[in-house]
2 protein chains.
Amino acid sequence: MYEQLSNFITQRVAVSDEQLQLILSYFKPLTCKKNELIGSAGEMAKRMYFVNKGCLKVYFIKEQGIEVIRRFAFENYFSTSLVSFINGDPLKEYTQAIEATELLYISRNDFYYLLDKLPVWEKFYRNYLEQAYVNNTLRLQSFITLDATERYKLLLKESPHIVQRLPNRLVANYLNISQEALSRLKSKI
Amino acid sequence: MYEQLSNFITQRVAVSDEQLQLILSYFKPLTCKKNELIGSAGEMAKRMYFVNKGCLKVYFIKEQGIEVIRRFAFENYFSTSLVSFINGDPLKEYTQAIEATELLYISRNDFYYLLDKLPVWEKFYRNYLEQAYVNNTLRLQSFITLDATERYKLLLKESPHIVQRLPNRLVANYLNISQEALSRLKSKI
DNA sequence: TTAAAACATTGATCTACATCAAAAAATCAG
DNA sequence: CTGATTTTTTGATGTAGATCAATGTTTTAA
């Protein structure tokens with residue numbers, strides 16, 4: 001149950017057994033059905049999730065209720081509505097289980113408590129933030145420099161599991177193109 | 001000389017006089033002429049800059065040498081090629097002085113040394129990363145949800161100094177639209 | 001097992017903004 | 001100050017990808 005999470009942490013920071021046990025003690029399991037919404041709109045992000053099994057999508061809502069997917073979180077990913085988690089603002093990014101999903105979560109309070117208590121956790125969070133920043137930056141860059149076909153090819157190369165595992169509809173949304181456009185460009189490759 | 005930087009730091013983290021002096025001791029002044037390139041291509045980002053006076057632009061290069069501006073850094077901003085600073089990869093984001101500019105810089109080595117030595121500096125960096133992440137996320141969101149006119153209006157509202165202080169050419173680039181399109185949409189507002 | 005729902009494809013049309021070209025205005029260097 | 005460069009504006013044309021509509025296909029649930 002906690003093995004994947006343990007591995008994830010120990011691969012990133014040098015942590016003693018004692019520290020690791022302390023950290024893990026704050027994580028609680030949570031099982032979600034397919035399409036279940038995780039966390040409620042209007043509130044701030046109160047938890048950070050680790051995906052043991054299954055898949056989440058994090059998205060925000062454009063005008064007229066149109067969903068825009070920001071990222072997916074598969075097995076062995078951490079995920080939260082990070083802007084809200086950082087600022088304590090009400091959620092503008094929603095999280096939904098795409099498949100039946102098994103999570104471990106830590107509350108925002110406990111997370112921040114650990115940051116103050118364990119320098120190694122602060123380091124772990126630093127690493128998380130750095131990666132999140134880099135990913136965001138590359139994604140922004142892909143929108144600015146690449147057309148739809150090039151973005152699709154890049155996704156296929158960098159994250160083939162997204163294309164293989166998820167329906168076209170979600171892939172198109174993530175690439176910020178219409179389903180129709182994705183269908184057409186795939187037939188031309 | 002170090003007053004603005006002192007204020008910037010003390011506004012963000014609770015730091016003792018002693019700690020502050022230690023931190024400041026690692027920062028060295030640097031003066032740049034208008035249009036001067038800061039740091040050299042091919043190398044990794046070796047410094048983090050603080051702008052005392054003037055203005056920097058951070059940009060990357062698209063195909064055929066076309067510049068794309070990622071952000072500006074005015075007085076009292078920290079700036080570096082953050083992806084390279086994080087990963088130690090060769091620079092893909094370049095920094096150039098838009099005006100005659102006075103900087104203070106800390107080397108990457110000293111920066112990381114301070115991270116390990118001073119928990120308060122780790123906290124300061126956490127805060128910097130969080131803000132960088134939030135800014136990036138909002139910028140990405142603006143490209144996905146807004147058209148050119150709406151992006152311009154948002155910029156005018158959130159960062160009027162960018163529009164007032166910089167030539168149209170740079171503003172258009174930052175908004176990721178052509179100069180012509182910016183000129184046209186301005187005449188329609 | 002089958003009707004219903006969700007998803008994918010294909011075609012026709014439309015639009016925001018790019019690009020190219022040239023004139024007009026502003027800024028700069030000698 | 002003045003010619004030269006840079007920046008901005010205006011016009012004409014082109015295009016990637018959106019949207020709408022219809023049809024075909026797969027998945028789901030009872």
Side-chain angles (χ1 to χ4, degrees), chain A residues 32-37 54-55 57 59 61-69 72 96-101 139-156 162-189, chain B residues 33-36 54-55 57 59 61-69 72 96-100 140-156 162-189:
Chain A
C32 312
K33 292 187 195 123
K34 184 170 173 172
N35 295 327
E36 189 174 336
L37 261 173
C55 177
K57 70 176 189 207
Y59 62 97
I61 309 274
K62 247 195 335 196
E63 86 291 1
Q64 286 143 345
I66 295 168
E67 282 183 27
V68 180
I69 296 171
F72 301 107
Q96 190 177 19
I98 295 178
E99 308 168 356
T101 297
R139 186 161 154 76
L140 181 54
Q141 186 157 333
S142 79
F143 282 123
I144 289 178
T145 58
L146 306 178
D147 68 19
T149 304
E150 292 171 324
R151 288 208 299 284
Y152 176 72
K153 282 185 184 163
L154 181 66
L155 186 67
L156 211 50
I162 289 182
V163 180
Q164 288 154 13
R165 188 161 162 179
L166 302 177
N168 263 352
R169 188 177 51 87
L170 297 183
V171 174
N173 186 313
Y174 182 66
L175 291 171
N176 198 35
I177 57 178
S178 68
Q179 253 182 92
E180 293 95 325
L182 178 58
S183 173
R184 275 186 259 262
L185 74 83
K186 279 174 84 168
S187 72
K188 272 186 213 143
I189 291 180
Chain B
K33 291 186 196 126
K34 184 170 173 172
N35 294 328
E36 189 175 336
C55 177
K57 69 175 190 209
Y59 62 97
I61 309 273
K62 246 195 335 196
E63 86 289 2
Q64 287 144 344
I66 295 167
E67 282 183 26
V68 180
I69 296 171
F72 300 107
Q96 190 177 18
I98 296 178
E99 308 168 357
L140 181 54
Q141 186 158 332
S142 79
F143 282 123
I144 290 179
T145 58
L146 305 178
D147 68 19
T149 305
E150 292 170 324
R151 287 208 300 283
Y152 176 70
K153 282 185 184 163
L154 182 65
L155 186 67
L156 211 49
I162 290 183
V163 180
Q164 287 153 16
R165 189 162 163 180
L166 302 177
N168 261 354
R169 188 177 50 87
L170 297 182
V171 174
N173 187 312
Y174 182 65
L175 290 171
N176 198 35
I177 57 177
S178 67
Q179 258 182 89
E180 295 93 324
L182 178 57
S183 172
R184 275 186 257 262
L185 74 83
K186 278 173 85 168
S187 72
K188 272 186 211 142
I189 291 177

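Lettering of chains follows the sequences in order, A, B, ..., and the numbering in each one begins at 1. Here the structure is a predicted model, which means the values were calculated and not measured.
Across residues 171-185 of chain A, A/Gln179, A/Glu180, A/Ser183, A/Arg184 each have a non-hydrogen atom less than 4.0 Å from an atom of DNA chain C (numbered order). For the segment residues 145-156 of chain A, residues with any heavy atom less than 4.0 angstrom from an atom of DNA chain D are, sorted by number, A/Asp147, A/Ala148.
Residues satisfying the side-chain hydrogen bond (donor to acceptor under 3.5 Å, both in side chains) test with B/Gln179, not counting sequence neighbours, are none. When the ring-ring contact (aromatic ring centres under 6.0 Å, His included) test is applied to B/Tyr152, no partner is found at least two apart in sequence or on another chain.
Within the 4.5 Å cutoff, the side chain of A/Ile69 has heavy atoms near those of the A/Phe72 side chain. B/Lys34 is not listed as a side-chain neighbour of B/Ile98, based on a closest heavy-atom distance of 4.5 Å or more. Contact of the A/Tyr59 side chain with the A/Ile61 side chain is registered, since non-hydrogen atoms from C-beta on lie closer than 4.5 Å. Looking at heavy atoms from C-beta onward, A/Ile144 lies out of side-chain contact with A/Gln141 at the 4.5 angstrom threshold.
The interatomic distance linking A/Arg169 (CZ) with D/dT27 (P) rounds to 13 Å, in whole Å. The separation between B/Ile144 atom CD1 and D/dA18 atom C1' is 15 Å, rounded to whole Å. Between A/Lys33 atom NZ and D/dA29 atom P there is a gap of 13 Å when expressed in whole angstrom units. In this structure, the CG atom of A/Leu166 is 12 Å from the P atom of C/dC7, given to the nearest Å. The interatomic distance linking A/Leu170 (CG) with D/dT26 (P) rounds to 19 Å, in whole Å. Rounded to a whole Å, the NZ atom of B/Lys186 is 12 Å from the P atom of D/dT10.
Legend: side chain to side chain donor-acceptor pair (under 3.5 Å) pairs involving residues 180-189 of chain B, not counting sequence neighbours, sorted by first then second residue: B/Asn168-B/Lys186.
Side-chain N or O atoms of B/Asn173 include one that pairs as donor or acceptor with a backbone N or O of B/Glu67 at under 3.5 Å. Here the side chain of A/Gln96 pairs no donor or acceptor atom with the backbone of A/Glu36 at under 3.5 angstrom.
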- Message: A/Ser142 vs A/Leu175, test: side chain to side chain contact (heavy atoms under 4.5 Å, CB included). Steps then yes/no.
- Response: CA-CA 10 Å; A/Ser142 79; A/Leu175 291 171; over 6 Å; no
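The side chain of A/Asn168 places no N or O atom within less than 4.0 Å of a non-bridging phosphate oxygen (OP1 or OP2) of C/dA6.
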N/O contacts under 3.5 Å, protein versus nucleotides 26-28 of chain C?
none

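Relative to the six-membered ring of A/Tyr174, A/Arg151 misses at least one condition, a distance below 6.0 Å or an angle of at most 45° to the axis.
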